[in-house]
*Asks:* 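Let me give you the structure first, and then I'll get to my questions.
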Protein chains: 2
Amino acid sequence: MNNYDIKHTVNDKYSLRGRVFQKIREDILSGKYKENEELKEVAIGEELGVSRTPVREAFRQLELEGLIQIIPNKGAYVTGITAKDVKDIYMIRSLLEGLCARMATEKITKEQMEEMEENIYLAEFHAGKGHMDQMAELDNRFHDILYEACDSKMLEHLLKDFHQYVLRVRQKTLATNSRGNASNNEHKQIMEAIKAKDADRAEKLANQHMINAYDNMVKNGLYEIYGDASSEE
Amino acid sequence: MNNYDIKHTVNDKYSLRGRVFQKIREDILSGKYKENEELKEVAIGEELGVSRTPVREAFRQLELEGLIQIIPNKGAYVTGITAKDVKDIYMIRSLLEGLCARMATEKITKEQMEEMEENIYLAEFHAGKGHMDQMAELDNRFHDILYEACDSKMLEHLLKDFHQYVLRVRQKTLATNSRGNASNNEHKQIMEAIKAKDADRAEKLANQHMINAYDNMVKNGLYEIYGDASSEE
DNA sequence: AATGGTATGATTGTATACAATTATACGAGA
DNA sequence: TCTCGTATAATTGTATACAATCATACCATT
């Protein structure tokens with residue numbers, strides 16, 4: 001009993017629907033499908049060599065992931081993220097990543113702690129070599145470890161959702177070399193606070209880590225690709 | 001442009017799929033479908049007078065909402081809310097309601113402020129008369145006003161989701177008369193902080209409001225209907 | 001009696017056909 | 001020329017048919 005794995009995940013890589021889901025998601029995140037672009041069931045079905053049924057089911061999931069918006073009887077459109085959305089997400093994430101770090105301090109396993117240390121070590125290595133792709137990957141993984149370590153399926157799922165959502169932005173942000181290094185350092189400090197079982201400090205550092213990431217983004221003006229928020233603020 | 005509403009929502013009440021989704025969700029939240037119960041496509045389809053197709057699509061959405069878990073080629077099972085889930089949700093909500101109150105302090109409109117004051121006035125009236133149903137309704141509405149007032153679609157949607165999720169628990173908790181009164185008082189204080197434009201105080205009060213609600217729930221042992229968390233803590 | 005394998009039924013996965021809705025084009029009337 | 005309405009095409013919504021997978025029962029073998 002109670003051996004159910006993870007809810008909220010699309011884990012069947014081998015069903016057609018699962019593959020279609022992964023593919024479209026990848027194409028949206030990579031920028032192949034642009035903001036507000038309409039996705040047509042038959043076109044995507046033909047491209048992947050499947051019928052409309054699995055495509056439609058994938059659409060329903062992508063909608064709840066927030067990557068597309070479905071207007072009934074009309075179509076599926078890639079959702080745009082506004083600058084205001086990004087700001088709100090980072091404010092929310094700041095609090096929740098803090099809570100996550102606090103909980104992880106109590107609940108983290110030995111294996112997770114080790115992977116976290118290894119992650120930071122590797123990130124420092126790749127930073128020195130200027131390997132941007134690997135650094136982005138390690139950055140993602142650091143947060144995933146933290147999410148898993150907090151031992152709360154609810155919080156884990158929520159943070160993974162948000163993480164996913166701003167991936168498009170983050171990919172570009174980390175391309176700024178200096179922020180990559182700063183981010184590594186902040187990860188290291190968070191890790192050390194957790195290792196020292198200092199939950200208060202871990203929480204505050206994680207709070208600040210998000211705020212710094214956002215500030216950097218604003219400073220570099222990179223978030224502007226997601227539309228102007230001036231009309232909304 | 002940019003008049004799209006909310007992401008992550010299933011807003012088509014009029015399509016079969018939308019109705020099926022709402023119906024199953026309601027039945028899960030109301031307890032008609034119990035934890036670990038298997039939901040069969042044809043059975044539900046026949047019950048609602050529709051074919052498997054809209055049922056399947058609704059399933060895919062319910063899975064991402066976290067209400068059911070789909071095991072490929074096997075079936076769809078109702079996921080239960082454990083006591084740990086409830087606890088986690090209240091911790092998350094504590095932070096986010098705080099953030100919401102802070103943002104609302106800045107963004108609330110005159111109309112929203114007035115409705116909030118009226119809400120508290122009415123709640124006091126019904127508390128004196130012992131009208132439990134109206135008090136529950138007003139309690140829900142108070143939070144909805146707050147969510148709308150923060151002027152963040154992201155946060156609003158997130159909080160409404162959680163609010164909905166723990167509705168079963170909350171309904172019972174408010175049945176405790178003393179808590180109903182205490183809750184009203186806390187609402188009043190939050191309202192006054194917002195009116196006085198004291199964002200810090202509003203945030204702290206909203207934080208504490210959630211913690212109190214949770215503590216009360218634990219004290220009354222009401223959350224135990226959601227299964228034992230002893231094995232998970 | 002216990003075990004293993006095969007046949008049968010039940011259930012989900014996918015494809016396709018048809019219905020309903022929406023978008024587009026074109027022509028009539030002013 | 002402009003506007004409105006209708007016809008047509010394109011697209012999504014739903015139902016159904018068929019394929020694949022999984023669960024169950026029964027029988028043969030030991």
Side-chain angles (χ1 to χ4, degrees), chain A residues 1 3-25 27-28 33-34 36-65 67-79, chain B residues 1 3-5 7 9-25 27-28 33-34 36-65 67-79:
Chain A
M1 192 200 283
N3 65 340
Y4 65 87
D5 197 71
I6 300 186
K7 53 186 192 146
H8 294 229
T9 48
V10 179
N11 53 358
D12 46 331
K13 297 177 190 172
Y14 304 112
S15 73
L16 287 188
R17 170 176 50 82
R19 291 215 309 273
V20 171
F21 177 86
Q22 302 285 351
K23 182 65 167 55
I24 300 175
R25 171 179 173 151
D27 286 345
I28 292 176
Y33 298 133
K34 303 213 168 42
N36 297 323
E37 184 168 344
E38 183 172 357
L39 302 183
K40 284 170 194 161
E41 296 173 357
V42 280
I44 289 177
E46 278 175 8
E47 192 184 323
L48 302 178
V50 300
S51 79
R52 284 173 57 211
T53 307
V55 176
R56 280 180 63 83
E57 295 190 356
F59 275 18
R60 296 299 173 273
Q61 299 184 300
L62 287 162
E63 182 180 34
L64 286 216
E65 288 262 302
L67 290 174
I68 68 175
Q69 186 202 10
I70 297 174
I71 300 176
N73 290 312
K74 204 153 170 294
Y77 302 86
V78 178
T79 54
Chain B
M1 189 201 283
N3 64 341
Y4 68 89
D5 199 75
K7 59 158 202 154
T9 48
V10 179
N11 53 358
D12 44 332
K13 297 177 189 171
Y14 305 111
S15 73
L16 288 188
R17 169 175 51 80
R19 291 217 308 272
V20 171
F21 177 87
Q22 301 286 351
K23 183 64 168 57
I24 300 176
R25 174 184 178 142
D27 286 344
I28 292 176
Y33 297 134
K34 302 212 167 41
N36 297 321
E37 184 168 343
E38 183 171 358
L39 302 183
K40 285 170 195 164
E41 296 173 357
V42 280
I44 290 178
E46 279 175 9
E47 192 184 324
L48 302 179
V50 300
S51 78
R52 286 174 54 212
T53 308
V55 176
R56 280 180 64 82
E57 295 189 356
F59 276 18
R60 296 298 173 276
Q61 298 184 299
L62 287 162
E63 182 180 33
L64 287 215
E65 287 265 302
L67 290 175
I68 68 175
Q69 185 203 11
I70 297 174
I71 301 176
N73 290 313
K74 202 155 171 291
Y77 302 87
V78 177
T79 57

*Asks:* Separation of B:I70 atom CD1 from C:dT11 atom C1', in whole Å?
*Replies:* 13 Å

*Asks:* Rounded to whole Å, how long is the line connecting atom NZ of A:K40 with atom C1' of C:dT21?
*Replies:*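 Atom NZ in A:K40 sits about 16 Å away from atom C1' in C:dT21.
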
*Asks:* What is the distance from atom CD1 of A:I44 to atom OH of A:Y33, rounded to the nearest 0.5 Å?
*Replies:* 4.0 Å

*Asks:* Once rounded to the nearest 0.5 Å, what's the spacing between atom CZ of B:R19 and atom CG of B:L48?
*Replies:*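 Those atoms lie 8.5 Å apart.
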
*Asks:* If you measure from CG on A:L62 to CD on A:Q69, what distance do you get to the nearest 0.5 Å?
*Replies:* 13.0 Å

*Asks:* Please state how far atom CD1 in A:I44 lies from atom P in D:dT11, giving the value in whole angstrom units.
*Replies:*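 About 12 Å, once rounded to whole Å.
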
*Asks:* Atom CD1 of B:I71 and atom C1' of C:dG13: how far apart are they, to the nearest Å?
*Replies:* 16 Å

*Asks:* Between C1' on D:dT12 and CG on B:L16, what's the gap in Å once rounded to a whole number?
*Replies:* 13 Å

*Asks:* Of the candidate nucleotides D:dG13, C:dT14, D:dA15, which contains the atom at the shortest distance from the side chain of B:V50?
*Replies:* D:dA15

*Asks:* Between A:S51 and C:dA15, is there a side-chain N or O to OP1/OP2 distance below 4.0 Å?
*Replies:* yes

*Asks:* Figure out the CZ/C1' separation between B:R56 and D:dA20, and round it to whole Å.
*Replies:*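 That distance rounds to 12 Å.
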
*Asks:* Need to verify one output field. Residue with the more 5' nearest nucleotide on DNA chain C, A:R52 or B:K74?
*Replies:*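 Checking each residue's closest nucleotide, the 5'-ward one belongs to B:K74.
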
*Asks:* Please classify the nucleic acid contact of B:L39 as base, sugar-phosphate, or nothing, using heavy-atom distances under 4.0 Å.
*Replies:*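 Counting heavy atoms under 4.0 Å across all strands, the contact made by B:L39 is with sugar-phosphate only.
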
*Asks:* Specify the separation, in whole Å, of atom CD of B:E41 and atom C1' of D:dA15.
*Replies:*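 Spelled out: CD on B:E41 to C1' on D:dA15 is 14 Å.
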
*Asks:* Toward the 5' end of DNA chain C, which comes first, A:N73 or B:R60, by nearest nucleotide?
*Replies:* B:R60

*Asks:* Please report the distance, rounded to the nearest Å, between CZ in B:R17 and P in D:dT12.
*Replies:* 13 Å

*Asks:* Quick check on salt bridge (Lys or Arg N to Asp or Glu O under 4.0 Å): which of B:R56, B:R52, B:R17 does A:E57 satisfy it with?
*Replies:*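 Running salt bridge (Lys or Arg N to Asp or Glu O under 4.0 Å) over B:R56, B:R52, B:R17 with A:E57 returns exactly one hit, B:R56.
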
